[in-house]
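One structure is given below, encoded as structure tokens.
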Amino acid sequence: LKMRNLMVFCLPSVALFACVKSAFPPPCDSEIYCTGPILHQVQTFKLFDDDKYFVDMQMREPPDVVLSAFRNLSQSLPTPTVPPAQLRKFLSTYFNKPGGEFVSWTPPDWHEKPKFLAGIADEELRNWAENIHNLWKSLGRKIRTDVKDHPELYSHIYTPHPVIVPGGRFRELYYWRSQPPFLTLMMESYYQATKDKEFLRAALPALEQEYRFWMQNRSVAVTVNGAEYELNRYHVQVGLPRPESYSDDLELAEGLTAERKEQLWMDLKAGAESGWDFTSRWYIDGDGHNNGTLRETRTSQILPTDLNALLCLNEKTLASFHRILGNGDSAALYDQAAARRLEAIESVLWDAERGAWFDYNLVTHSKHFEFYPSNLAPVWAQCYSRPEMGEKAVQYLKGSGALEFPNGVPTSLRESGQQWDYPNAWPPLQHMLIDGLSKLPSADAKQLAFDLAQRWIKTNWVAYQKYKAMFEKYDVNGDGKPGGGGEYEVQLGFGWTNGVALQLLDQYGATLTSGSSRVSSCLLLPLVISALMLQ
Ligand SMILES: *[C@@H]1O[C@H](CO)[C@@H](O)[C@H](O)[C@H]1NC(C)=O
Ligand SMILES: *[C@@H]1O[C@H](CO)[C@@H](O)[C@H](O)[C@H]1NC(C)=O
Ligand SMILES: *[C@@H]1O[C@H](CO)[C@@H](O)[C@H](O)[C@H]1NC(C)=O
């Protein structure tokens with residue numbers, strides 16, 4: 001790690017305002033939401049169940065007035081900290097409850113009966129799909145123009161267009177959670193649906209800017225067997241507690257040296273950047289294995305299979321966009337980047353003996369052989385050079401032990417208590433596995449894709465019958481129940497769960513079943529007839 005921009009800034013501690021040295025500037029310049037005494041006191045007193053609550057609150061007065069009022073209040077007291085009751089009163093005077101920046105919004109192109117519903121044979125699944133489709137209306141949001149006119153009063157960044165939010169505590173726009181680069185793939189889906197070349201042309205500079213960000217700020221050179229390769233990692237150089245999980249991060253780092261604290265806070269942020277917050281996947285214990293605790297999170301030390309597969313797909317897709325728009329030279333540059341990436345993935349991440357790709361540890365120069373669905377991400381991205389590699393990965397998956405659970409594929413086989421581990425199964429990971437397997441040529445892989453789709457749909461459906469809700473994650477065991485663990489309660493809603501369920505119902509609607517006895521008559525009738533004929 002290169003230390004640069006060494007600067008000193010103040011972090012208030014309970015007893016005094018101590019100055020802490022940090023190599024890097026604060027994540028944002030807000031002395032209310034990102035640093036400062038108000039954040040520190042509200043979070044360390046745990047005024048709210050969830051640390052995210054305070055940073056979502058909107059200010060009623062400009063920040064300098066709020067800060068001045070807080071200083072005045074502090075100075076009027078005999079103690080260095082404001083007692084909780086007075087802190088609460090202060091908040092109710094100067095802040096509004098979270099969520100005020102949004103108004104509900106119904107997508108104008110939402111239709112009552114989208115065509116894909118007709119392709120779902122099972123009647124119960126079809127009715128359920130209609131209910132899920134209805135949920136988009138409750139998850140649509142538009143940001144009030146006040147956020148644009150008074151950005152200083154909000155932690156939220158104004159976006160001019162309406163959005164779909166995940167639901168629950170996730171009141172705002174999320175990308176994944178939060179940064180894996182999917183925008184180019186969204187554009188690809190949009191382009192395939194509309195063939196709108198002008199929109200593609202207009203969007204391309206933003207897509208390339210995102211790609212440049214990853215290459216300039218998240219890439220690292222690695223030497224394996226004497227050859228140097230460039231691959232990417234998650235890496236956030238802000239050595240402070242996350243404002244939305246402030247008290248947890250402070251407690252977690254207790255007893256560490258100042259330098260180790262900063263490193264841990266950077267790696268926790270990098271874990272959040274990865275979307276896998278948190279997981280044994282980012283743990284490095286003394287032996288360089290994934291057998292640690294949250295305190296051993298070392299995200300930036302790892303070259304992740306899924307991020308690199310995703311960037312490979314970005315490179316191939318950006319090349320195809322340039323070809324569509326007639327920019328042959330630019331297309332060739334992205335083709336070359338994809339070819340370099342492929343070589344790097346195969347040299348650094350592919351393991352021929354085990355038949356899959358594994359995260360690479362930059363410090364121990366070794367791969368991590370634990371099971372994670374991300375070990376098959378290059379299959380999903382179709383980012384491998386020889387067809388037998390895809391089929392070997394299917395054999396790897398079958399031998400991994402990860403297919404032995406009734407409700408889906410777990411995020412790992414290690415029960416760490418974190419939410420991106422056993423026994424939780426997450427919609428995007430199911431989707432990437434199923435999508436990857438379904439694109440392989442063998443009937444065996446395609447059958448496995450269908451089986452996993454069936455398993456996942458049944459899990460979602462059974463839980464929906466019980467709770468009348470879609471959850472952000474599910475438990476791989478038991479009878480349709482939401483997942484758990486990690487930093488917050490399981491959330492309802494839920495954007496990506498709904499998206500994955502509807503996509504699978506669209507793709508496999510002709511053959512998926514709810515597993516209940518009432519099967520659509522158009523499917524049942526031929527069965528009854530053939531049964532009668534057999535007698
Ligand atoms: C804080 O006190 C100063 C000095 O008395 C006063 O000028 C200022 O208006 C006060 N700030 C607020 C927000 O009340
Ligand atoms: C890389 O990071 C620096 C510092 O945060 C930033 O100024 C720059 O814009 C980033 N590069 C890209 C291409 O986003
Ligand atoms: C993981 O660490 C624990 C505690 O140090 C130890 O008991 C256990 O054997 C380790 N497991 C593996 C697979 O290394």
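Each ligand, and each atom within it, is numbered from 1 in the order the structure gives. Bear in mind the structure is a predicted one, so any value in this text is a computation, not a measurement. The first residue in the sequence is number 1, and the count goes up from there.
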ask   = Is the side chain of Glu296 donor-acceptor paired with the backbone N or O of Thr293 at a distance under 3.5 Å, no angle test?
value = yes

message = Could you identify the single nearest non-hydrogen protein atom to atom 5 (O) of ligand 1 and state the distance to 0.1 Å?
response = Asn72 ND2, 4.7 Å

key: Plane angle bin for Trp496 and Phe494 - parallel if under 30°, tilted between 30 and 60°, otherwise perpendicular   = tilted

request  = Could you list which atoms of ligand 1 come closer than 4.0 Å to a heavy atom of Ala69?
outcome  = 13 (C)

ask   = Hey, does Asn217 come in under 3.5 Å of ligand 2, counting only N/O atoms on both sides?
value = yes

request  = Could you tell me whether a side-chain N or O of Ser274 sits under 3.5 Å from a main-chain N or O of Tyr234, the two making a donor and an acceptor?
outcome  = no

ask   = Nearest to atom 13 (C) of ligand 2, what protein heavy atom do you find, and at what distance?
value = Gln216 OE1, 3.2 Å

key: ligand 1 N/O within reach of Ser68 N/O, cut-off under 3.5 Å   = yes

message = Once you measure the plane-to-plane angle for Trp357 and Tyr384, does it fall in the parallel (<30°), tilted (30-60°) or perpendicular (>60°) bin?
response = tilted

request  = Answer yes if a protein heavy atom lies under 4.0 Å from atom 2 (O) of ligand 1, otherwise answer no.
outcome  = yes

Sub-4.0 Å protein heavy atom near atom 9 (O) of ligand 2 = no

request  = For the residue pair Tyr334 and His322, categorise the inter-ring angle as parallel (less than 30°), tilted (30 to 60°) or perpendicular (more than 60°).
outcome  = parallel

ask   = Should you measure from each heavy atom of Phe213, which atoms of ligand 2 turn up under 4.0 Å away?
value = 12 (C), 13 (C), 14 (O)

query = Sub-3.5 Å donor-acceptor pair from the side chain of Lys97 to the main-chain atoms of Met57, do we have one?
reply = no

ask   = Against heavy atoms of Val65, which atoms of ligand 1 measure under 4.0 Å?
value = 13 (C)

task = Report yes or no: does Ser189 contribute a side-chain atom to a donor-acceptor pair with the main-chain N or O of Leu185 at less than 3.5 Å?
result = yes

